[in-house]
Asks: 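Quick one: the structure is below, questions incoming.
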Amino acid sequence: MEDNLLIKYFEGSTTEKQVQEVTEWLQANEANMRHYQQICRLYELIYWQDKPEISNNNKTKRFGFLTELFKVAVVFCLALGLGYLLFSQREEPETMMQTVYVPVGQNAQLTLTDGTKVYLNADSKLRFPNRFSSGERKVYLDGEGYFEVQTNKEKPFVVRTKSYSVKALGTTFDVNAYNGEEEFETALLKGSVVITNHTTNQLLKLTPNMRAVVHDNKLTTVPIKNMDYYLWRQGIVYFDEPVVNVLKKLEQYFDVKIDIKNKAILRHERHCTGKFRMRDGLDHFLKVLQQIDHFEYVKDEENNIVIIK
């Protein structure tokens, strides 16, 4: 991978094809990820060193240069839970779309130009404009995102997924909508949102502490079972489901293939409820699950596979 292409990626001037090229290169091996992080840190240092000294008199002066028109530059160091959104001082008359992709085994945080905070879970992609002009503040999500939306009644905030759109004014909610899966869910923690089905135009308004889920191809509301689920953005994962489902999620969280040879796990569907810290690692997860549904496992490091026996 040419470093010049990575720099273009940080600056937000890559094409969709180049974004995909960088994404595939990152997923190829850990050496590529380490090189990416090194270039990312160098770029960040150079960026801030080139900035003029800014007064510390007050917060407004300290960040005053953000009031001009900037072109968004995303510096995305893909360590767990780390994301930066940086701005260059070149005027950009046209709205340009930026794309952030979070590989399997990672999560990230970024702040959009309107102040909205976005947390992205593993294997998620977010497309968003470098600046929000007139009309809606629209972003495009493939994966899971947790949104803390800045209030602006003149410009509703819209999260568009493959089959649904979630519209909010100023609120906090979680959207789970991976393009490769049929499941869709929106959970509202604060405020209100309106969800629209792109095909049927069905509208559904959520109230706090409720979720919108798909049942028989229709949106329906159910209560949020446990707020702990949304701690994933802090590196804490919560499970309340069969062990076999937990093992499938561990594939996504730790970028590993789990091959279940033990058919009893599939038959028994024993339940697992609990919170885990991601930093404790895959072995910790597996050892706890062994106490619930007895099994042995071996790791094939060369092929990145965990075999459940």
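Throughout, residue positions are numbered sequentially from 1 according to the sequence presented.
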Asks: Taking side-chain hydrogen bond (donor to acceptor under 3.5 Å, both in side chains) as the definition, give me every residue that meets it alongside Asp283, ordered by chain and number, with sequence neighbours left out.
Replies: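 If we apply the side-chain hydrogen bond (donor to acceptor under 3.5 Å, both in side chains) test to Asp283, skipping adjacent residues, the hits are Tyr297, Lys299.
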Asks: Testing the basics here: between Leu169 and Val149, what is the closest heavy-atom pair and its distance to 0.1 Å?
Replies: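 Heavy-atom minimum between the residues: O-CG1, 3.9 Å.
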Asks: Over all heavy atoms of both residues, which pair between Phe173 and Leu189 is shortest? Give the atoms and the distance, please.
Replies: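 Nearest pair, atom of Phe173 first, then Leu189: CA-CD1, 4.3 Å.
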Asks: Would you say the side chain of Leu203 lies within less than 4.5 Å of the side chain of Ile195, judging by non-hydrogen atoms?
Replies: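 No, side chains not in contact.
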Asks: Report yes if some heavy atom in the side chain of Leu250 is under 4.5 Å from a heavy atom in the side chain of Leu286; otherwise report no.
Replies: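 With C-beta onward as the side chain, the pair touches.
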Asks: Tell me, with the steps shown, if Asn226 and Tyr238 meet side chain to side chain donor-acceptor pair (under 3.5 Å).
Replies: CA-CA 9 Å; Asn226 196 313; Tyr238 172 78; 3.2 Å; yes
Asks: Restricting to ring-ring contact (aromatic ring centres under 6.0 Å, His included), what partner residues turn up for Tyr164, sequence neighbours left out?
Replies: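 With neighbours one apart ignored, the set is Phe184.
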Asks: What residues form a ring-ring contact (aromatic ring centres under 6.0 Å, His included) with Phe239, not counting sequence neighbours?
Replies: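 Partners of Phe239 under the ring-ring contact (aromatic ring centres under 6.0 Å, His included) test: Phe276.
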Asks: May I have the step-by-step check of side chain to side chain contact (heavy atoms under 4.5 Å, CB included) for Asp174 and Thr186, ending in yes or no?
Replies: CA-CA 6 Å; Asp174 184 278; Thr186 294; over 6 Å; no
Asks: Determine whether Leu231 and Val288 fall in the same hydrophobic cluster, where Ile, Leu, Val, Met, Phe, Trp and Tyr are linked whenever their side-chain heavy atoms lie under 4.5 Å apart.
Replies: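 No, because Leu231 and Val288 fall into different hydrophobic clusters, even though each may have its own neighbours under 4.5 Å.
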Asks: Using 0.5 Å steps for rounding, measure from the CE atom of Met210 to the CG atom of Leu204.
Replies: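 Answer rounded to 0.5 Å: 9.0 Å.
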Asks: For a quick test of reading the model, state the closest non-hydrogen atom pair linking Glu251 to Ile258 and the distance between them.
Replies: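 So the two residues come closest at OE2-N, 2.8 Å.
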Asks: Compare all side-chain heavy atoms of Ile224 with those of Met227 and state whether any distance is below 4.5 angstrom.
Replies: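 Ile224 reaches Met227 side chain to side chain.
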Asks: Considering only heavy atoms from C-beta outward, does the side chain of Arg131 approach that of Met96 to under 4.5 Å?
Replies: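 Of all side-chain heavy-atom pairs linking Met96 with Arg131, none is under 4.5 Å.
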Asks: Do any pairs count as a salt bridge (charged side-chain N to carboxylate O under 4.0 Å, His left out) and have a residue in residues 116-130, sequence neighbours left out, and if so which ones?
Replies: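 Output for this query lists Glu16-Arg127.
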Asks: What residues, two or more places apart in sequence or in another chain, satisfy side-chain contact (heavy atoms from CB on, under 4.5 Å) together with Glu21?
Replies: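 Here the qualifying residues are Met1, Leu5.
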Asks: How would you list, by chain and number, every residue that makes a ring-ring contact (aromatic ring centres under 6.0 Å, His included) with Phe132, sequence neighbours excluded?
Replies: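 Phe132 satisfies ring-ring contact (aromatic ring centres under 6.0 Å, His included) with no other residue.
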Asks: For a quick test of reading the model, state the closest non-hydrogen atom pair linking Val100 to Leu120 and the distance between them.
Replies: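 For Val100 versus Leu120, the nearest heavy atoms are CG1-CD1, 4.0 Å.
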Asks: Does one hydrophobic cluster hold both Val244 and Val237, with members joined at side-chain heavy-atom distances below 4.5 Å?
Replies: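 Result: yes, single cluster for both.
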Asks: Please name all residues satisfying side-chain contact (heavy atoms from CB on, under 4.5 Å) with Ser192, sequence neighbours left out, ordered by chain then number.
Replies: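 Result, side-chain contact (heavy atoms from CB on, under 4.5 Å) vs Ser192: Lys205.
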Asks: Arg137 side chain to Gln150 main-chain N or O, any donor-acceptor pair under 3.5 Å?
Replies: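 Yes; judged by distance alone, with no hydrogens or angles, the pair exists.
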Asks: Between Phe285 and Phe254, does the ring pair (Phe, Tyr, Trp, His ring centres under 6.0 Å) criterion hold? Intermediate values first, please.
Replies: CA-CA 11 Å; Phe285 280 76; Phe254 290 99; 5.3 Å; yes
Asks: How many angstroms lie between NZ in Lys287 and CG in Asp280, if you round to the nearest 0.5 Å?
Replies: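 One gets 11.0 Å once the value is rounded to the nearest 0.5 Å.
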Asks: For Pro223, does its backbone N or O pair with a side-chain atom of Arg211 as donor and acceptor, under 3.5 Å?
Replies: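 Such a contact is found between Arg211 side chain and Pro223 backbone.
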Asks: Are Val214 and Val159 connected in the hydrophobic side-chain network, where two residues link if heavy atoms are under 4.5 Å apart?
Replies: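 Yes, it is one cluster - the side chains of Val214 and Val159 are joined through contacts under 4.5 Å.
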Asks: Measure the CD-CG distance between Glu185 and Leu219 for me, rounded to the nearest 0.5 Å.
Replies: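 Output value for this atom pair is 11.5 Å.
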Asks: Test of understanding: with side-chain hydrogen bond (donor to acceptor under 3.5 Å, both in side chains), list the residues that count as partners of Glu296, not counting sequence neighbours.
Replies: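 Glu296 satisfies side-chain hydrogen bond (donor to acceptor under 3.5 Å, both in side chains) with no residue once adjacent residues are dropped.
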Asks: Once you round to the nearest 0.5 Å, how far does CG of Asn130 lie from CZ of Phe128?
Replies: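 If we round to the nearest 0.5 Å, Asn130:CG and Phe128:CZ are 9.0 Å apart.
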Asks: Enter the distance from Leu126:CG to Leu110:CG here, rounded to the nearest 0.5 Å.
Replies: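 So the gap between those two atoms works out to 6.5 Å.
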Asks: Give the minimum heavy-atom separation between Val246 and Cys272, together with the two atoms involved.
Replies: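 Result for this residue pair: CG2-CB, 4.1 Å.
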Asks: Of all the heavy-atom pairs spanning Tyr178 and Ala122, show the shortest one and how long it is.
Replies: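 That would be OH-O, 2.7 Å.
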Asks: The criterion is side-chain contact (heavy atoms from CB on, under 4.5 Å); which residues satisfy it with Ile305, sequence neighbours excluded?
Replies: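 Testing Ile305 for side-chain contact (heavy atoms from CB on, under 4.5 Å), a comparison that skips the adjacent residues, returns Lys257, Asp259, Asp300, Asn303, Ile307.
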Asks: Should the heavy atoms of other residues, nucleotides or ligands under 6.0 Å from CD of Glu154 be counted, would the total exceed 12?
Replies: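 Counting neighbours around CD of Glu154, 12 or fewer heavy atoms of other residues, nucleotides or ligands fall under 6.0 Å, so no.
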Asks: If you round to the nearest 0.5 Å, how far is CG of Leu247 from CD1 of Ile308?
Replies: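 These two atoms lie 5.5 Å from each other.
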Asks: Membership question, hydrophobic clusters at under 4.5 Å side-chain separation (ILVMFWY): are Leu289 and Ile260 in the same one?
Replies: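 Yes; Leu289 is reachable from Ile260 via cluster members.
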Asks: Applying side-chain hydrogen bond (donor to acceptor under 3.5 Å, both in side chains), can you list everything that pairs with Thr116, at least two apart in sequence or on another chain?
Replies: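 Applying side-chain hydrogen bond (donor to acceptor under 3.5 Å, both in side chains) to Thr116 gives Asp114.
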Asks: Where the side chain of His271 meets the backbone of Glu241, is there a donor-acceptor pair that is under 3.5 Å apart?
Replies: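 Side chain of His271 to backbone of Glu241, a donor-acceptor pair under 3.5 Å: yes, one is there.
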Asks: Sequence neighbours left out, what passes side-chain contact (heavy atoms from CB on, under 4.5 Å) with Glu136? Give chain and number order.
Replies: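 So Glu136 forms a side-chain contact (heavy atoms from CB on, under 4.5 Å) with Lys138, Val158, Lys167.
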Asks: For residues 139-147, please give each side-chain donor-acceptor pair under 3.5 Å, one per line with the distance, not counting sequence neighbours.
Replies:
unit_1	atom_1	unit_2	atom_2	d
Asp142	OD1	Asn179	N	2.8
Asp142	OD2	Asn179	ND2	3.2
Glu144	OE1	Asn121	ND2	3.0
Glu144	OE1	Tyr229	OH	3.2
Glu144	OE2	Tyr229	OH	3.1
Glu144	OE2	Trp232	NE1	3.3

Asks: Establish whether Tyr253 and Val243 are linked, either directly or via other cluster members, by ILVMFWY side-chain heavy-atom contacts under 4.5 Å.
Replies: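 Tyr253 and Val243: one cluster.
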Asks: Any donor-acceptor pair under 3.5 Å linking the side chain of Thr200 with the backbone of Gln202?
Replies: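 Present.
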Asks: Measuring only between side-chain heavy atoms, which start at C-beta, is Val306 closer than 4.5 Å to Leu282?
Replies: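 Result yes, sub-4.5 Å side-chain heavy-atom pair found.
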